[in-house]
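Following: one structure in structure tokens, then a few remarks.
What's counted below: heavy atoms across the whole structure, side chains too, no hydrogens, waters or symmetry copies. To find a chain, count down the sequence lines: A is the first, B the second, and so on, and within it residues start at 1.
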Amino acid sequence: MELTSKYNPADVETKNYQYWLKHKLFRSVPDDCREPYTIVIPPPNVTGILHMGHMLNNTIQDVLVRKARMSGKNACWVPGTDHASIATEAKVIAKLAQQGIRKQDLSREQFIQHAWDWTNEHGGIILEQLKKLGASCDWDRTCFTMDEIRTQSVIRVFCDLYRQGKIYKDVRMVNWDPKALTAVSDEEVIYKEIQGKLYYIKYKIEGKDGYAVIATTRPETIFGDVAVCIHPNDEKTKSFKGKKLIVPLVNRVIPVIEDDYVDAEFGTGCLKVTPAHDVNDYRLGAKYNLETIDVLNDDGTLNNHCLNYVGMDRFAARTQMEKDLAHAGLIEKIEPYTHKVGFSERTDAAIEPRLSMQWFLNMQELAKPALDAVMNDTVKFCPAKFKNIYRHWMENIKDWNISRQLWWGHRIPAYYLPRGGFVVAETKDEAYQEALRTVDYPLTIDDLRQDEDVFDTWFSSWLWPLSVFDGILHPDNADISYYYPTQDLVTAPEIIFFWVARMIMAGYQYRQEACFRNVYFTGIVRDKLGRKMSKSLGNSPDPIALMDKYGADGVRMGMLLTSPAGNDLPFDESLCEQGRNFSNKIWNAFRLVKGWQTDNTVLQPEASRIAVQWFEALLNQTLPEIEDLFEKYRLSEALMMIYKLFWDEFSSWYLEIIKPAYMQPVDPTTCSATLHFFDSLLKLLHPFMPFITEELWQSLDKREDGESIMLQMTPQPKQTDTQLTSDFAKVKEIITGVRSVRLQKNIPTKTPLHLQVVGQHNNAFDTVIVRLCNIEQINPVKEKEDQSVSFLVGTTEYVVPVNDLLNREEEITKTETEINYYEGFLSTVLKKLSNEKFVANAKPEVVDMERKKQLDAETKLKALRDNLTKLKNK
RNA sequence: GGGAGUUUAGCUCAGCUGGUUUAGAGCAUCUGCCUUACAAGCAGAGGGUCACUGGUUCGAAUCCAGUAUCUCCCA
């Protein structure tokens, strides 16, 4: 290893990752002697590439896993990918389109083959990228939501829940994309505010002169009208009760029905009922046995129910109908109306709500234990604020639509019979056997037709913590028995319902136990303008490029520095720069320490002896604090604490005290203590910065092949000398004070100074002060020297004689400012102490504290005022 | 429309059950230094009516109410 003054991460990272893989250091197998620590990765889309969200999320997981490993636990991080049915299918369609192939020109089998080709070609890229960031996953356990075990698990669960009566078929509105000719999921619909119009259309009353006025934003759907609904108690509309109305243009006669679903305050109080194009209308239709008339073709044009508008696009038809209705005198008025309309994320086409038959899972029973588990902290949420959100959703849980009109995914194992009805079974053979038992007509296996739909992607991912250990198919196997329940789940709050809640439910359903103990919600990575980073906005930096530029450790550190749980992370490259700078700092500290020659004849200098004792004490004092932050999942703060420990305390204070003059040897005691400290610091840093710490740890001492910092224990705290650390804090203040005087008075470091002390002073640390400040002598004095600058540490005054360098005016101003501050401070203290109620009501220790503050401030003020007087008298 | 949250230094955030806070950290800024580990550095310094208005209290960044603000989730 070449010790250049700049750390070069590229080689170090590749080399060490290979080393870890070669020695299978991430591998975990059940071991009853050790406590398991398990994380299952939120599986990224199989054909996706690493984005900043992954970077953050997986860095956090890696930190937790590495920390657990270094705490002696049997740490197992299970990696894997998600088939991501809709996203992958969209990508395959796009790729085929480039070759001039349309999905509808292919058979299902042909399309699936293309999808597998695509998956095999691109799948795994993201896993390779995770390796680059240092992820310590057990790669031998890599799973895919559509591999054999996971697929069988999904099928088994569906059949099981169906047998339990929790799964049923029902009609529901889907979001139809008329451009892509497919249903899209709710997540792929983007709602935009649209300036539309509210049309007040006259419907004639059959056999009478009057008419009812109906307000609608979609006049083109009147061809699908089958009724008009009013509120039973609405005074305005009661005259229409029992009447029949005539739909304009088509002149179809429809009934007036009454239902309290209608909002009497909206529009005119009359609702046109169009069951094919609105889900609420559909329910009304079903309730009152009305016909369903679909007026649209797949591509959003009007179909043959629509007179001379047939074939027109729905928006063109709307414009034309506005004219025609107005011409016929059937429009009472048109009001501007702002409402939200859904658009397809992919094609930007206006989404058409359309009815279709879907599979549903009843969630009522599943939700109960899952809700309790979170509310009573069996499953802890971090931060806890997400508990409320969770509860609200779980208490109002709706049935889950688990079917999707796609080809890429797990095909629903329901088989339709030729004369109606269906059977659900894990295989077609089983389905056939079961069908034979139920039908009374001749049936061959080829008469069975499997459902065309596939499952919602989440219907496989909700089983993930179970299925990655094969816990559905073989619930008693060694892996699931040992690793389940998992420890921590790290994920984004956006998928708390889609994924987290459902996993908890699956855990209780299939193992009577929650699938994890803690859920850590990360924030969302945003750009400087506060926008979510996304591919479509193009505002996301490429994490791989960032790692090339700053090193994986640098980017990891940068991401973690300012991302407390649940808080969004406004990402800025300067964070990575800070991470890189820190890597470099560690690197250079190592160069210094490793460059020393020891000499057994050299005695340990007094200053070094003190420094070693002090840093030892400080380290011991800091360790439990870091541990505490880890326990509270305050990773940013833990990292910051270690960062300051390394940079400020170890490098700027400790090393500066002990470092020998150029080319001079160091005594063996100090040297070995320093190497020991370095070793401890590397271990503390390792979870955050795995690469550089491994590299330096390997060079710090002689290691066996296969040894790794990864498998070392985090340093354990010992008894702490807190007196020493607090004494030393004063020493630092004195040193800073002297340095400040030097800078103000422009006295070079090379010029030795005298330091005089007025008041109490602990001279045990004088060698340290002398060492760092180039002081010749530290003398106690009764009176401070005239030509001098002084500062206070506690109530002791430290005096630096400066001869003719004194600027009297400047000193006066400075002293007056300080006096002002302490006077203000003292007055707030006195205000409290003179308040009888305060003295009577406040806790005694609080009152004592105020008295101490008073004394302290008074002593300081006295010294400052004396100084001022002297300065002014000269 | 329903729900949840945010608001503290130029930026990103700590500040937990009110009193050790006329408020802390990191970064950025400013000043002086290329001092043989590191200029990706060293030393030092400045910077805030704790969103606003009331209330509770001996005492409020902290608790309560209202207002404003931005954000997220659901519909």
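Listed candidates were B:C38, B:C58, B:C74. Nearest to the side chain of A:Asn841 is B:C58. Which of B:C27, B:A37, B:A4 sits closest to the side chain of A:Ile389 comes down to B:A4. The side chain of A:Lys644 lies closest to B:G26 when the candidates are B:C58, B:G26, B:A14. Closest to the A:Tyr662 side chain, of the nucleotides B:G3, B:A23, B:U36, is B:U36. Distances were taken from every side-chain heavy atom of A:Val846 (C-beta onward) to each of B:A37, B:A23, B:G19; the shortest belongs to B:G19. Proximity note for A:Arg634 (side chain, C-beta onward) versus B:A25, B:G19, B:G15: the nearest is B:G15. Candidate nucleotides B:C38, B:G26, B:A4 were compared by shortest atom distance to the side chain of A:Asp648, and B:G26 ranks first.
With a 3.5 Å ceiling on both atom-pair distances, B:U20 lacks any Watson-Crick or G-U wobble partner. The base-pairing partner of B:G41, taking Watson-Crick or G-U wobble contacts with both distances under 3.5 Å, is B:C33.
Listed pair A:Tyr643 / B:C27 meets the phosphate criterion, a side-chain N or O lying under 4.0 Å from OP1 or OP2. Proximity of A:Asn388 to the phosphate of B:G5: a side-chain N or O atom is located under 4.0 Å from OP1 or OP2. Distances shown here put every side-chain N or O of A:Lys750 at or beyond 4.0 Å from the OP1 or OP2 atom of B:U35.
In the displayed structure, A:Lys730 atom NZ is contacted under 6.0 Å by at most 12 heavy atoms of other residues, nucleotides or ligands.
Checked by atom type and distance alone, the side chain of A:Asn774 never pairs as donor or acceptor with a backbone atom of A:Val770 at under 3.5 Å.
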Protein-proximity profile, nucleotides 40-47 of chain B, B/S/- by nucleotide at the 4.0 Å heavy-atom cutoff, equals BSSBS---
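When the C1' atom is used for both B:U6 and B:A14, the distance is 15 Å, rounded to whole Å.
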| task | Go through A:Phe497 and A:Ile389 one step at a time and tell me if the side-chain contact (heavy atoms from CB on, under 4.5 Å) criterion holds. | result | CA-CA 9 Å; A:Phe497 309 128; A:Ile389 298 171; 3.5 Å; yes
